[in-house]
There are 2 protein chains.
Amino acid sequence: MANIRDVARAAGVSIATVSRVFNNLELVNGDTARRVLQAAAACDYWPNEAAKSLTTNRCNAFGVLLPDLYGEFYSEIIRGIDQRARQARYQILLSSSHANNDDVFNAARAMLGRVDGLILMTPDTVSPDVVARVRKRLPIVLLNPSFAADGCGSVAIDNYGGAYAATSHLLQLGHRDIAMIAGPAGNVDADDRRRGFQTALREFGLDPARAETEVGDFREAAGHAAGLTILARRPRPTAVFAANDSMAIGLLGAAREQGLRIPDDLAVVGFDDITIARYLNPPLTTVTVDIFGLGRKAVAMMLATVEAADAHSPDREVLPAVLTVRESCGAKRRVGLTQSPR
Amino acid sequence: MANIRDVARAAGVSIATVSRVFNNLELVNGDTARRVLQAAAACDYWPNEAAKSLTTNRCNAFGVLLPDLYGEFYSEIIRGIDQRARQARYQILLSSSHANNDDVFNAARAMLGRVDGLILMTPDTVSPDVVARVRKRLPIVLLNPSFAADGCGSVAIDNYGGAYAATSHLLQLGHRDIAMIAGPAGNVDADDRRRGFQTALREFGLDPARAETEVGDFREAAGHAAGLTILARRPRPTAVFAANDSMAIGLLGAAREQGLRIPDDLAVVGFDDITIARYLNPPLTTVTVDIFGLGRKAVAMMLATVEAADAHSPDREVLPAVLTVRESCGAKRRVGLTQSPR
DNA sequence: GCGGCCGATGTAAACGTTTTCATAAATTCG
DNA sequence: CGAATTTATGAAAACGTTTACATCGGCCGC
């Protein structure tokens, strides 16, 4: 396959001139440029990007390391990342399933020379010093980080604020005995959502310690199990705030099995606003987070870091999490001919 | 940052030896190897992957070009691709939103020297000759292709078979007036599903031309609109086969608004088995496709092409699409009635 | 007519690897 | 004991670009 030398030969110029034409430096004579382009087209010349980045030390690509790819959450992150990157003519080098320190370290290492920076979402099991070691080689933007890392930008979700809003809403509807299905302790999102829940209660003069709190692993089955425990308590709580929608779905199942009507017998609020939420019966009131925006923001921050002439200190950004009121909390009248739960 | 030369100097050997140690060629003396590794660790040496691929002409990466990233379908494809690639220690260079010929061509071009092959899913708007031009430079595996391309592998979904199974099922349940909400003409998936529908009718002695068929764009709103038209017809069809689940959901909405009971007044079958399907009320009978497997297969085929010593002709594979019976078709409620095939 | 400048182009040295070939030392063997 | 073989290592040429620097006309102003 033709390389730059072949094009130069065919056009009767030096390789420097060919290079100049392709990087549209304006120092090339119009006629010469035309000749070069013609020759390039004739031998179907494609520049080799590896060689390019070797000399320029720029790749026009970002690495993306995620703990997993399953489900809407990651899908939307990637979509946001891709969209913004594409807009800036950057490529995305994707790698997922990074559970431990070595995984992350090796994946980052394997990207050296292929990316200009790393967008990193690490599970709790990854330690700050791995991130620090990688940071020595590459700019980093952390997604929803569990710790602040020196020299790394970060984009996070306002878990605390969202949980606070959800809980306040239930309180304002008159509920005073509100249970929570929390996420695993140690998980940043889980902990922040729990704090938001507790603060809201406290501000209403209630004791968070007396609020029934079950812990789950963010999956539907855990929500179901936690729901059974909560619904067995007497007096039964009148409302439940679940740390995510999947567990809320599990809870709805448990409630349905016991013949409870939602929201009349039990008000339910979730978190995430996954697509299913609006199709549930009744549609789930939940906290909506702009995950797509999270991805976009991460790339925007990365671009600012990479393309900035001056090395300004990296940003820390928090995206809002807003309550979306549907029917499962009881704030709205049911509309239409929705079939009643059994 | 340290390069191979620095390591060589620190270890008191030549760069060739360092390279040999890292590519674990067994020709290096044990002591020397130890010294090299120590030196490499001391100066935190990371090999530059761009330089590596420039000399070896191998990248250990595949490019993935998709028309879009929105929704579970693409998410699962990517997950499958990533999982299999990671297993083989390959990276994934992702790029989406490729609408037209130039987009695809330029994206492919920008990957030269960074990938060993391309996994390509093109919308109908991309022409075979663009694929052929790209194929000259890079091995290609097509996902669900609308045309056969010389020298390209392909992995497709058995749209025809799935649609045939869905329609046959409705016929066996006793329905004789079955409408279809089809996808846009020209779209491969849409066309194949429609053919499957028609063949099933024909085999039951019915005239496909007389079956009410509305066309939608695979989105929920289109399903709703098509549903209104279909339900307005007299006599009203007793069953509808929707070319995908999103449109089936739109149809269910339309039916609900008219006070129809599913499946008693109207049986509904979808296609895709998206996550929501099982959470609908009633749970949607649909055609399940292993999208994750589609991604995995594509990579497996790519690996076979790239790592094979002999250039065997590329494969063509079709993944099964199987009917998943839930409640929206009425088969489960009428167990007694379904025993006798007509 | 000449120094200086400018615009267009070429020469060659990087960038950081792998790998072929050469070489030196150590080992085997008849 | 010397020739043949093996083992371990180094020197240097690739790979395909970009870019600093050199070169060379032509043109300007004086």
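Please read these numbers as outputs of a predicted model, since none were measured by experiment. Letters A, B, ... mirror the listed sequences (proteins, then strands); counts begin at 1.
Counting heavy atoms of neighbouring residues, nucleotides and ligands inside a 6.0 Å radius, atom CG of N57(A) does not exceed 12 of them. Within 6.0 Å of the OH atom in Y70(A), the count of heavy atoms belonging to other residues, nucleotides or ligands does not exceed 12. Environment of CD in Q38(A): sparse, with no more than 12 heavy atoms of neighbouring residues, nucleotides or ligands closer than 6.0 Å.
The residue Y45(A) sits close only to the backbone: its heavy atoms come under 4.0 Å of sugar-phosphate atoms, none of a base.
Each end of the helix from dG1(C)-dC30(D) to dG30(C)-dC1(D) yields a helix axis from five base pairs, and these two axes differ in direction by 40° (to the nearest 10 degrees).
Across the protein-nucleic acid pair, R34(A) atom CZ and dA8(C) atom C1' stand 15 Å apart, rounded to whole Å. We find that CG of N23(A) is positioned 12 Å from P of dA20(D), with the value rounded to whole Å. Atom C1' of nucleotide dT9(C) and atom CG of D31(A) are separated by 14 Å, given to the nearest angstrom. Distance R5(A) CZ to dT17(D) C1': 9 Å, rounded to the nearest Å. Spacing between atom CD1 of I4(A) and atom P of dA12(C) amounts to 17 Å, rounded to whole angstrom units.
Salt-bridge annotation for R58(A) and D116(A): present, with a side-chain N of the basic residue lying under 4.0 Å from a carboxylate O of the acidic one. A salt bridge does not link D315(A) to K297(A): none of the charged nitrogens lies less than 4.0 Å from a carboxylate oxygen.
Side-chain N/O atoms of S19(B) include one lying less than 4.0 angstrom from OP1 or OP2 on dT18(C). Close to dC15(C), at under 4.0 Å from its OP1 or OP2, lies no side-chain N or O of N3(B).
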Could you list the protein-to-nucleotides 6-10 of chain D atom pairs, N/O on both sides, closer than 3.5 Å?
| residue | atom | partner | partner atom | Å |
| --- | --- | --- | --- | --- |
| dT9(D) | OP1 | T32(B) | OG1 | 2.5 |
| dT9(D) | OP2 | N29(B) | N | 2.9 |
| dT9(D) | OP2 | T32(B) | OG1 | 3.4 |
| dG10(D) | OP2 | S14(B) | N | 2.7 |
| dG10(D) | OP2 | S14(B) | OG | 3.1 |
| dG10(D) | OP2 | T17(B) | OG1 | 2.7 |
| dG10(D) | N7 | R20(B) | NH2 | 2.8 |
| dG10(D) | O6 | R20(B) | NH1 | 3.4 |

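Side-chain contact check for Q91(B) and R86(B): no donor-acceptor pair (N or O, by modelled atom type) lies under 3.5 Å. Inspection of the S96(B) and D82(A) side chains reveals an N or O donor paired with an N or O acceptor under 3.5 Å.
A donor-acceptor contact shorter than 3.5 Å links the side chain of N48(A) to the backbone of A51(A). Side-chain atoms of R316(B) come within 3.5 Å of backbone N or O of C152(B) as a donor-acceptor pair. At distances below 3.5 Å, not a single donor-acceptor pair connects side-chain atoms of D6(B) with backbone N or O atoms of C43(B).
Geometrically, R133(A) engages F105(A) in a cation-pi contact defined by less than 6.0 Å to the ring centre and at most 45° from the axis.
Across residues 48-62 of chain B, L54(B), T55(B) each have a non-hydrogen atom less than 4.0 Å from an atom of DNA chain D (numbered order).
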